[in-house]
Amino acid sequence: MIDIQNLTYTYPNRAEPALNQLTFKIEKGEWVAVIGHNGSGKSTLAKLLTGLLTTETGQIKINDLIINEENIFEIRNLVGMVFQNPDNQFVGATVEDDVAFGLENRQIERPEMKTRVKEALGRVGMLEFAKREPAHLSGGQKQRVALASALVIEPQVLILDEATAMLDPKGRREMIDLVRALKIELGAELTVISITHDIDEAAHADRVIVINDGQLIEKGQPAQVFNNAAKLIELGLNVPFAEQLKAKLAQRGVKVPQTYETTDGMVNWLWQSISKQ
């Protein structure tokens with residue numbers, strides 16, 4: 001679905017490139033998390049994937065289409081994006097107006113528009129708020145509306161650019177659960193790229209790509225990437241909570257699983273350990 005080859009981008013008046021010779025592929029239907037410390041080049045990559053920035057050298061293909069001026073409108077029909085601050089995406093007076101905005105730009109007929117807006121709001125659990133003003137919503141609700149606005153154009157690729165960064169822990173979990181449910185529902189029809197520094201969010205992805213100072217450092221399944229806690233800390237990243245817990249228990253002499261575990265996996269392991277005592 002996405003093919004990035006030798007991608008380099010340098011901001012004006014900057015000596016060092018934000019991205020430097022970046023090369024990787026993302027398969028159709030994958031959920032890939034791109035992680036790295038602040039300033040590592042993650043958001044620059046997101047903007048290049050949506051054509052908000054123009055490729056300097058190298059090439060990006062989405063569904064075999066090169067991102068360039070000739071293809072940009074077709075590319076934007078393929079890609080939906082949710083930004084860190086949902087307030088920056090709102091343009092409508094009401095929730096339903098805001099979700100309809102992308103369809104209006106594409107000159108979708110009104111009966112189809114109404115159906116698609118209703119379906120998109122239903123998918124994110126915001127249908128009952130359709131007539132509300134976006135400004136009066138909570139942070140989590142705003143982000144759900146932003147997600148609906150991305151989904152309503154029926155994209156093949158969904159980019160989440162630090163979409164949970166401004167949410168509280170409860171809102172963050174709800175957002176991640178929502179994306180997981182969408183992936184289950186849409187399967188191979190939806191490819192998700194999660195740009196994040198939240199390790200627990202990245203742990204839900206099929207694959208993780210680690211970027212440091214614009215360069216690809218590591219890629220693999222979460223179990224492979226997150227098993228090396230020392231390397232993550234060296235790169236300025238946190239360690240998943242489950243791995244932190246394992247390390248603390250090991251310091252107390254507890255024999256812990258040697259394989260990578262999610263938080264839910266550690267909960268199950270703890271219950272089993274307690275029940276054996």
Side-chain angles (χ1 to χ4, degrees), residues 1-28 30-72 75-76 78-85 88 156-165 191-199 201-203 205-240:
M1 178 55 73
I2 297 172
D3 186 358
I4 297 174
Q5 296 294 325
N6 302 315
L7 182 63
T8 297
Y9 184 84
T10 305
Y11 286 100
N13 304 319
R14 295 280 184 89
E16 297 296 324
L19 295 175
N20 189 7
Q21 295 291 306
L22 206 62
T23 295
F24 62 86
K25 295 182 179 182
I26 295 175
E27 299 300 324
K28 184 177 181 179
E30 269 196 301
W31 180 354
V32 173
V34 180
I35 65 173
H37 62 76
N38 289 336
S40 62
K42 305 186 304 298
S43 289
T44 302
L45 174 61
K47 291 170 184 174
L48 287 164
L49 284 167
T50 52
L52 294 175
L53 293 176
T54 304
T55 305
E56 183 179 298
T57 61
Q59 180 178 272
I60 305 175
K61 283 185 180 179
I62 297 181
N63 204 25
D64 290 329
L65 281 174
I66 298 172
I67 297 184
N68 55 28
E69 286 187 16
E70 181 182 346
N71 297 326
I72 192 61
I75 291 292
R76 286 175 180 165
L78 292 173
V79 180
M81 187 165 174
V82 180
F83 294 90
Q84 177 176 333
N85 188 345
N88 294 339
Q156 294 185 36
V157 178
L158 177 65
I159 300 175
L160 307 173
D161 185 13
E162 300 283 9
T164 64
T191 302
V192 176
I193 303 174
S194 181
I195 310 277
T196 183
H197 64 269
D198 185 331
I199 299 299
E201 176 184 339
D206 301 315
R207 199 155 53 96
V208 177
I209 290 172
V210 184
I211 294 178
N212 186 55
D213 296 334
Q215 295 184 313
L216 178 64
I217 300 299
E218 191 173 356
K219 58 183 177 179
Q221 295 179 340
Q224 297 171 279
V225 175
F226 296 149
N227 229 5
N228 192 343
K231 187 171 185 178
L232 289 176
I233 293 170
E234 183 183 330
L235 293 172
L237 295 168
N238 291 325
V239 178

**Item:** Atom pair CG/NZ of Asp161 and Lys47 - distance to nearest 0.5 Å
**Value:** 7.5 Å
**Request:** Measure across Ala202 and Ile35 and return the closest heavy-atom pair with its distance rounded to 0.1 Å.
**Result:** CB-CG2, 3.6 Å
**Prompt:** Nearest heavy-atom pair of Ala203 and Pro222: which atoms, and what distance?
**Reply:** O-CG, 3.7 Å
**Prompt:** Are the side chain of Lys42 and the backbone of Ile195 linked by a donor-acceptor contact shorter than 3.5 Å?
**Reply:** no
**Request:** Would you name the heavy atoms of Thr164 and Glu201 that are closest together and state the gap between them?
**Result:** OG1-OE1, 2.6 Å
**Request:** List the atom of Phe24, the atom of Lys219, and the distance in Å for their closest heavy-atom pair.
**Result:** CB-NZ, 4.4 Å
**Request:** Determine, stepwise, if the pair Asn20 / Thr8 fulfils side-chain contact (heavy atoms from CB on, under 4.5 Å).
**Result:** CA-CA 5 Å; Asn20 189 7; Thr8 297; 4.1 Å; yes
**Item:** Sole candidate of Thr23, Thr57, Leu45 that passes side chain to side chain contact (heavy atoms under 4.5 Å, CB included) when paired with Leu7
**Value:** Leu45
**Request:** Would you sort out whether Leu160 and Thr196 count as a side-chain contact (heavy atoms from CB on, under 4.5 Å), showing the intermediate values?
**Result:** CA-CA 8 Å; Leu160 307 173; Thr196 183; over 6 Å; no
**Prompt:** Which value, rounded to the nearest 0.5 Å, describes the distance between Thr50 atom OG1 and Ile72 atom CD1?
**Reply:** 7.5 Å
**Asked** Between atom CD of Gln5 and atom CD of Gln21, what is the distance when rounded to the nearest 0.5 Å?
**Response** 10.5 Å
**Request:** Output the distance between atom CD1 (Ile26) and atom CG (Leu49), rounded to the nearest 0.5 Å.
**Result:** 7.0 Å
**Message:** For Arg207 versus Lys25, what's the shortest heavy-atom pair and its separation?
**Reply:** NH2-O, 2.7 Å
**Complete:** Quick note, ring-ring contact (aromatic ring centres under 6.0 Å, His included) partners involving residues 41-69, not counting sequence neighbours, are none
**Prompt:** From Ile60 CD1 over to Asn68 CG, what is the distance, rounded to the nearest 0.5 angstrom?
**Reply:** 11.0 Å
**Prompt:** Does some side-chain heavy atom of Asn212 sit less than 4.5 Å from a side-chain heavy atom of His37?
**Reply:** yes
**Asked** Got a second to check how far Ile209's CD1 is from Leu22's CG, nearest 0.5 Å?
**Response** 8.0 Å
**Item:** Stepwise side-chain contact (heavy atoms from CB on, under 4.5 Å) check, Ile75 with Leu65
**Value:** CA-CA 7 Å; Ile75 291 292; Leu65 281 174; 3.8 Å; yes
**Message:** Assess the residue pair Leu48 and Thr44 against the criterion (side-chain contact (heavy atoms from CB on, under 4.5 Å)); give the C-alpha distance rounded to whole Å, side-chain angles, the decisive distance to 0.1 Å, and a yes or no.
**Reply:** CA-CA 6 Å; Leu48 287 164; Thr44 302; 4.1 Å; yes
**Request:** Search all heavy atoms of Thr55 against all heavy atoms of Gly58 and return the closest pair with its distance.
**Result:** CG2-O, 3.4 Å
**Message:** Under a 3.5 Å distance rule, please check whether Glu218 uses its side chain to pair with a backbone N or O of Val225 as donor and acceptor.
**Reply:** no
**Request:** Give me the one residue out of Ile62, Asn63, Ile2 that meets side chain to side chain contact (heavy atoms under 4.5 Å, CB included) with Val79.
**Result:** Ile62
